[in-house]
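The first residue of the sequence shown is numbered 1, and numbering continues consecutively from there.
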Amino acid sequence: GHDLYIYHPYFYNGVLPSAEETDLLIILGGPMSPNDTDDWIFKERELIRELLKDNKPMFGACYGAQQITKAIGYTVSKSPVKEVGWDKVYIESDTIPDLPKELMVLHWHEETFQIPKNAELLFSSEYLTN
C-alpha cells in the first residue's frame, strides 16, 4: 500500500524528496563520500535531520550509513582497511527477524564511521565493524 520513489541526486541535479512525503528513507552507497562538498550532500543531511525530528525510520547502507551518522554529528573518516571486492558480512543484530547469519556482499569501502547512540549495526565484516 506504499508508493515507492527512487531518487539519484548524484546524477539528477540534487533532486531529493521532502520530509513531508517521506515515510521511510533508504540511503544506499555510491562513489561519493559524506565528506564531499557537493550541494546535494548537505541537503540530504538536512532531510535526514528533519526525518529524525519527525521520528521517521531510516536505513543506511555504506554511504547511507555514513551520511546518517554525519548528519547527527558523528565522524566519518578514512578506514584503516580498504575493502574492495566480494566477501562476507556477519550479522550483529536480531532486530530484523530471519536475516541470514552471514551474507556474501560487494564491498567498496574507504571510510568508516562511529555508531550513533540510537542506531543499530546489522552486519560487520571480518576487517571492519562499521
Side-chain angles (χ1 to χ4, degrees):
H2 293 277
D3 293 327
L4 173 68
Y5 298 94
I6 299 172
Y7 295 85
H8 295 278
Y10 183 72
F11 295 113
Y12 298 107
N13 299 319
V15 174
L16 292 164
S18 70
E20 296 76 35
E21 67 188 351
T22 304
D23 296 320
L24 164 69
L25 183 65
I26 299 172
I27 308 170
L28 301 177
M32 69 294 286
S33 164
N35 296 318
D36 290 345
T37 58
D38 297 13
D39 213 29
W40 70 266
I41 292 174
F42 295 102
K43 290 179 183 173
E44 187 175 62
R45 282 203 296 268
E46 289 173 22
L47 172 62
I48 291 166
R49 286 189 284 270
E50 285 181 57
L51 294 175
L52 286 169
K53 212 174 357 170
D54 294 341
N55 204 30
K56 292 185 178 178
M58 278 179 266
F59 173 83
C62 191
Y63 161 82
Q66 296 169 358
Q67 184 69 320
I68 293 168
T69 298
K70 186 141 179 143
I72 55 178
Y74 288 82
T75 302
V76 175
S77 59
K78 286 290 181 196
S79 173
V81 176
K82 181 177 179 179
E83 288 185 296
V84 177
W86 291 93
D87 205 355
K88 293 180 181 177
V89 291
Y90 304 93
I91 196 152
E92 298 284 348
S93 167
D94 61 1
T95 296
I96 300 174
D98 301 322
L99 287 177
K101 300 231 179 285
E102 63 183 54
L103 291 170
M104 183 66 72
V105 300
L106 177 62
H107 295 268
W108 203 285
H109 306 285
E110 292 186 47
E111 295 177 310
T112 189
F113 58 96
Q114 299 170 302
I115 295 290
K117 292 175 188 166
N118 294 333
E120 188 164 351
L121 183 65
L122 294 178
F123 288 94
S124 290
S125 76
E126 178 182 344
Y127 305 104
L128 291 171
T129 302
N130 309 335

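The two residues Thr69 and Phe113 have their closest heavy-atom pair at OG1-CD1, 3.3 Å. Pairing each heavy atom of Ala19 with each of Glu50, the nearest pair is CB-OE1, 3.3 Å. Across all non-hydrogen atoms, the minimal contact from Cys62 to Gly29 is CB-CA, 4.0 Å.
Taking the side chain as every heavy atom from C-beta outward, Leu25 and Leu47 approach each other to under 4.5 Å. Side-chain contact between Tyr90 and Phe123 is absent, with no heavy-atom pair separated by less than 4.5 Å. Here the side chains of Val15 and Pro9 are not in contact, with every heavy-atom distance at 4.5 Å or above. Inter-residue side-chain proximity for Glu46 and Leu16 is flagged as unmet; no heavy-atom pair is nearer than 4.5 Å. Using a 4.5 Å heavy-atom cutoff, the side chains of His8 and Ile6 are in contact. Taking the side chain as every heavy atom from C-beta outward, Asp54 and Leu52 never approach each other to under 4.5 Å. When side chains are defined from C-beta on, Ser79 counts as touching Leu128, because their heavy atoms get closer than 4.5 Å. For the pair Glu111 and Pro34, the minimum side-chain heavy-atom distance is below 4.5 Å.
Taking CG of Leu106 as the start and CG of Asp87 as the end, the distance is 10.5 Å to the nearest 0.5 Å. In this structure, CH2 in Trp40 is found 9.5 Å from CZ in Phe11, a value given to the nearest 0.5 Å. To the nearest 0.5 Å, atom CD1 of residue Ile68 and atom CD of residue Glu44 are 8.5 Å apart. Note that CD of Glu120 is 3.0 Å distant from OG1 of Thr95, once rounded to the nearest 0.5 Å.
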Test Met58 against Ile48 for side-chain contact (heavy atoms from CB on, under 4.5 Å), laying out the working first. CA-CA 8 Å; Met58 278 179 266; Ile48 291 166; 3.7 Å; yes
Working for side-chain contact (heavy atoms from CB on, under 4.5 Å), residues Arg45 and Gln67: CA-CA 7 Å; Arg45 282 203 296 268; Gln67 184 69 320; 3.0 Å; yes
CA sep, side-chain torsions, deciding dist, call: Tyr63, Ile41, side-chain contact (heavy atoms from CB on, under 4.5 Å): CA-CA 11 Å; Tyr63 161 82; Ile41 292 174; 3.8 Å; yes
Trace of the side-chain contact (heavy atoms from CB on, under 4.5 Å) decision for Leu122 with Ile96: CA-CA 9 Å; Leu122 294 178; Ile96 300 174; 4.0 Å; yes
Apply salt bridge (Lys or Arg N to Asp or Glu O under 4.0 Å) to residues Glu110 and Lys78 and explain how you reach the verdict. CA-CA 6 Å; Glu110 292 186 47; Lys78 286 290 181 196; 3.7 Å; yes
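In this structure, Lys88 contributes its side chain and Glu126 its backbone to no donor-acceptor pair below 3.5 Å. Judged by distance alone, with hydrogens and angles left aside, the side-chain atoms of Asn35 form a donor-acceptor pair with the main-chain N or O of Val76 at under 3.5 Å.
Linking Ile, Leu, Val, Met, Phe, Trp and Tyr whenever their side-chain heavy atoms come within less than 4.5 Å leaves Ile26 and Trp108 in two separate clusters. Both Leu99 and Val105 sit in one connected hydrophobic cluster of ILVMFWY residues. Membership requires side-chain heavy atoms under 4.5 Å apart, directly or through other members.
Residues Glu83 and Ser125 bring a donor and an acceptor atom of their side chains to less than 3.5 Å of each other. For the residue pair Ser124 and Glu92, a side-chain donor N or O sits within less than 3.5 Å of a side-chain acceptor on the partner. Side-chain contact, Asn130 with Gln66: no donor N or O sits under 3.5 Å from an acceptor N or O. Between Thr75 and Ser77, the side chains place no donor N or O within less than 3.5 Å of an acceptor N or O (distance only, hydrogens not considered).
Between Tyr7 and Tyr5, the angle of the ring planes lies from 30° to 60°, which puts this pair in the tilted group.
For Tyr127, the OH atom counts as loosely surrounded, since its 6.0 Å shell holds 12 or fewer non-hydrogen atoms of other residues, nucleotides or ligands. By the neighbour-count criterion of 12 heavy atoms within 6.0 Å, atom NZ of Lys82 is sparsely surrounded, having that number or fewer from other residues, nucleotides or ligands.
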